[in-house]
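Remember, predicted model here, so these are calculated numbers, not experimental data.
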Amino acid sequence: MSEWYFEYEIQVNRPGLLGDIASLLGMLRVNIVSINGVSEERRGMLLHAENEESIQRFISVVSTMDNINVTRFREPKLRDRLAVRHGHYIPRDADEKNTFRFVRDELGILVDFMAELFKKDGHKLIGIRGMPRVGKTESIVASSVCANKKWIFISSTMIKQTIRNTLIGDEFNGNNIFILDGVVTRRATDERHQQLVREMMRMPTIKVIEHPDIFVQHSEYKIEDFDYIIELRNHPDEEITYEIIENNNMMSSSNLGSFGGFNF
């Protein structure tokens, strides 16, 4: 059985249009797994077919219909599945195809998106850009929970500033999600922490790095090494400025005497 993503743009929204398409699929014994509007005038479907001949016959017939324009027909990608699930396509940078953009109101979609990435085994390097308190770390943790994966902070400022120097026990497990704050790690002076980061980067597992642009400064890594870049904003027009981010982290460091920190 094969799975397909079918999307069409409505040219004339006449009564019974969806019923006609569903009836055609039924006659060809193609099952509709899920369906949703993916934009104001577009509808997406996930389809299951017993054989490819049925799905090819369907597309040849539906392509001749005057009231719709077929916009996508392919094996479903992650963005296709999430579009049908949430009724909204995740914006992607036109020039950098691995860069995906979210706003704070879409945290549910972001968590779902990252959870699907986390479920896949093997190496994956993910960078997250965003201003302080926009929800980056919380989204990573929530996605780890959804993917049933254990998360390990290598460096973080989520509650207190955390700088890890070692891993213990099952923390070396390649099934874990490793989380690193690029600003904190870049400012860390302990060579043991830097060595741990290098060991983590060599592990065939999933690494999520907040502020990846700062992380790659003065390091052997490049932005091109990242498999995915996620940008999270409070609103679509928000500018991500690293001066504010670095100042915020410097203030966090200066408060360690009052509030304490983790360094182990």
(Q) If we ignore hydrogens and angles and just use 3.5 Å, is the side chain of Asp181 paired with the main-chain N or O of Val183 as donor and acceptor? (A) yes

Q: Say whether, by atom type as modelled, one donor and one acceptor occur between the side chain of Arg233 and the main chain of Val103 under 3.5 angstrom.
A: no

Q) Measuring from Ile206:CD1 to Lys119:NZ, what's the distance to the nearest 0.5 Å? A) 11.5 Å

Q. With distance as the sole test, does Ser156 use its side chain to make a donor-acceptor pair with the main-chain N or O of Phe153 at under 3.5 Å?
A. no

Q | Side-chain touch Glu7/Arg43, heavy atoms, less than 4.5 angstrom | A | no

Q | Exam field: side chain Glu171 to backbone Leu167, donor-acceptor pair closer than 3.5 Å | A | no

**Q.** Evaluation steps, side-chain contact (heavy atoms from CB on, under 4.5 Å), between Ile59 and Gln56
**A.** CA-CA 5 Å; Ile59 198 63; Gln56 293 301 332; 3.8 Å; yes

Q: Tell me, with the steps shown, if Ile152 and Ile154 meet side-chain contact (heavy atoms from CB on, under 4.5 Å).
A: CA-CA 6 Å; Ile152 306 293; Ile154 302 298; 4.3 Å; yes

Q.
Please determine whether side-chain contact (heavy atoms from CB on, under 4.5 Å) holds for the pair Lys207 and Ile126, giving the CA-CA distance in whole Å, both sets of side-chain angles, and the decisive distance to 0.1 Å.
A. CA-CA 6 Å; Lys207 283 81 69 171; Ile126 302 169; over 6 Å; no

Q | Considering all heavy atoms, the nearest Arg81-Pro76 contact | A | NH2-CG, 3.4 Å

Q: Anything under 30° is parallel, anything over 60° is perpendicular, the rest tilted; go ahead and classify Tyr5 against Tyr89.
A: perpendicular

Q. Does a side-chain heavy-atom distance below 4.5 Å link Asp225 with Ile223?
A. no

Q: Decide whether Leu82 and Ile35 are clustered together by the hydrophobic rule: side chain heavy atoms of Ile, Leu, Val, Met, Phe, Trp, Tyr closer than 4.5 Å, transitively.
A: no

Q: Check the side chains of Thr137 and Glu210 for a donor-acceptor pair under 3.5 angstrom, ignoring hydrogens and angles.
A: yes

Q.
I'd like to know whether CZ of Arg198 has more than 12 heavy-atom contacts from other residues, nucleotides or ligands below 6.0 angstrom.
A. yes

Q: Decide whether Gln195 and Arg192 meet the rule of one side-chain donor and one side-chain acceptor closer than 3.5 Å.
A: no

Q: Report yes or no: does Thr205 contribute a side-chain atom to a donor-acceptor pair with the main-chain N or O of Gly174 at less than 3.5 Å?
A: yes

Q. Just wondering, are more than 12 heavy atoms of other shown residues or ligands nearer than 6.0 Å to CD in Glu191?
A. yes

Q: Measure the NZ-CG distance between Lys136 and Leu107 for me, rounded to the nearest 0.5 Å.
A: 11.0 Å

Q: Might you work through the ring pair (Phe, Tyr, Trp, His ring centres under 6.0 Å) test for Tyr8 and Phe73, ending with a clear yes or no?
A: CA-CA 9 Å; Tyr8 63 90; Phe73 185 75; over 10 Å; no

Q) Any donor-acceptor pair under 3.5 Å linking the side chain of Gln194 with the backbone of Ala188? A) yes

Q: Heavy atoms only: give me the nearest Asn36-Arg85 pair and the separation to one decimal.
A: ND2-O, 4.1 Å

**Q.** Interatomic distance, His48 atom NE2 to Glu3 atom CD [nearest 0.5 angstrom]
**A.** 4.0 Å

Q. Within the distance-only criterion (no hydrogens, no angle test), does the side chain of His193 pair as donor or acceptor with the backbone N or O of Arg164 below 3.5 angstrom?
A. yes

Q. Within the side chain of Arg79, is there an N or O that forms a donor-acceptor pair under 3.5 Å with the backbone of Ile90?
A. yes

Q: Flag the pair Ile55 / Leu47 as yes when at least one side-chain heavy-atom distance between them is below 4.5 Å, and no otherwise.
A: yes

Q. Which pair of heavy atoms, one from Ala115 and one from Ala147, lies closest together, and at what distance?
A. O-CB, 3.7 Å

**Q.** Atom pair CD/CG of Glu50 and Asn31 - distance to nearest 0.5 Å
**A.** 7.0 Å

Q | Glu52 and Ser2 side chains, donor-acceptor separation under 3.5 Å | A | no

Q: Determine whether the side chains of Asn67 and Arg14 contain a donor N or O and an acceptor N or O closer than 3.5 Å.
A: yes

Q. With a 4.5 Å heavy-atom cut-off, do Asp112 and His86 have their side chains touching?
A. yes

Q. Minimum heavy-atom separation for Cys146 to Val111, with atom names?
A. SG-CG1, 3.8 Å

Q.
Side chains of Leu17 and Met65, heavy atoms from C-beta outward: is any pair under 4.5 Å?
A. yes

Q) Rounded to the nearest 0.5 Å, what separation is found between the CD1 atom of Ile177 and the NZ atom of Lys124? A) 8.5 Å

Q: Look at atom NZ of Lys77 and say whether more than 12 heavy atoms of other residues, nucleotides or ligands are closer to it than 6.0 Å.
A: no

Q) Do any N or O atoms from the side chain of Glu116 and from the backbone of Phe113 form a donor-acceptor pair under 3.5 angstrom? A) no

Q.
So Ile10 and Arg42, do their side chains get closer than 4.5 Å, heavy atoms only?
A. no

Q: Check the side chains of Asn51 and Ser54 for a donor-acceptor pair under 3.5 angstrom, ignoring hydrogens and angles.
A: yes

Q.
Would you say that Arg129 contacts Leu232 through its side chain, given a criterion of any heavy-atom pair below 4.5 Å between the two side chains?
A. no

Q) Do Ile21 and Ile68 touch side chain to side chain, with heavy atoms closer than 4.5 Å? A) yes

Q. Do you know which two heavy atoms are closest between Phe226 and Val216, and how far apart they sit?
A. CE1-CG1, 3.9 Å

Q. Stepwise, does the side-chain contact (heavy atoms from CB on, under 4.5 Å) test hold for Ser144 with Lys150?
A. CA-CA 6 Å; Ser144 302; Lys150 180 179 179 180; over 6 Å; no

Q: Determine, using the 4.5 Å side-chain heavy-atom cutoff (strictly less than), whether Leu78 and Val84 are members of one ILVMFWY cluster.
A: no

Q. Roughly how far, to the nearest 0.5 Å, is the CZ atom of Phe178 from the CE atom of Met200?
A. 7.5 Å

Q) Do Leu180 and Met201 sit in the same hydrophobic cluster, where Ile, Leu, Val, Met, Phe, Trp and Tyr count as joined when their side-chain heavy atoms come under 4.5 Å apart? A) yes

Q.
Between Asp227 (side chain only) and Leu125 (backbone N and O only), is there a donor and an acceptor less than 3.5 Å apart?
A. yes

Q) For Thr185 and Ser155, does a side-chain donor sit closer than 3.5 Å to a side-chain acceptor? A) yes

Q) What is the minimum heavy-atom distance between Ala49 and Val30, and which atoms define it? A) CB-CG2, 4.2 Å

(Q) Looking at Arg57, I'd like to know if its CZ atom is crowded, meaning that more than 12 non-hydrogen atoms belonging to other residues, nucleotides or ligands lie closer than 6.0 Å. (A) no

(Q) Hydrophobic clusters here meaning ILVMFWY residues chained together by side-chain heavy-atom distances under 4.5 Å, can you tell me if Phe58 and Leu46 are in one? (A) no

Q. When the ring planes of Tyr228 and Phe100 are compared, do they come out parallel, tilted or perpendicular, using 30° and 60° as the limits?
A. tilted

**Q.** Any side-chain donor near an acceptor of the partner, Glu106 and His88, under 3.5 Å
**A.** yes

(Q) Classify the ring geometry of Tyr221 against Phe215: parallel below 30°, tilted from 30° to 60°, perpendicular beyond 60°. (A) parallel

Q: Verify the cluster assignment for Val70 and Val38: are they in a single hydrophobic cluster under the rule of side-chain heavy atoms below 4.5 Å apart?
A: no

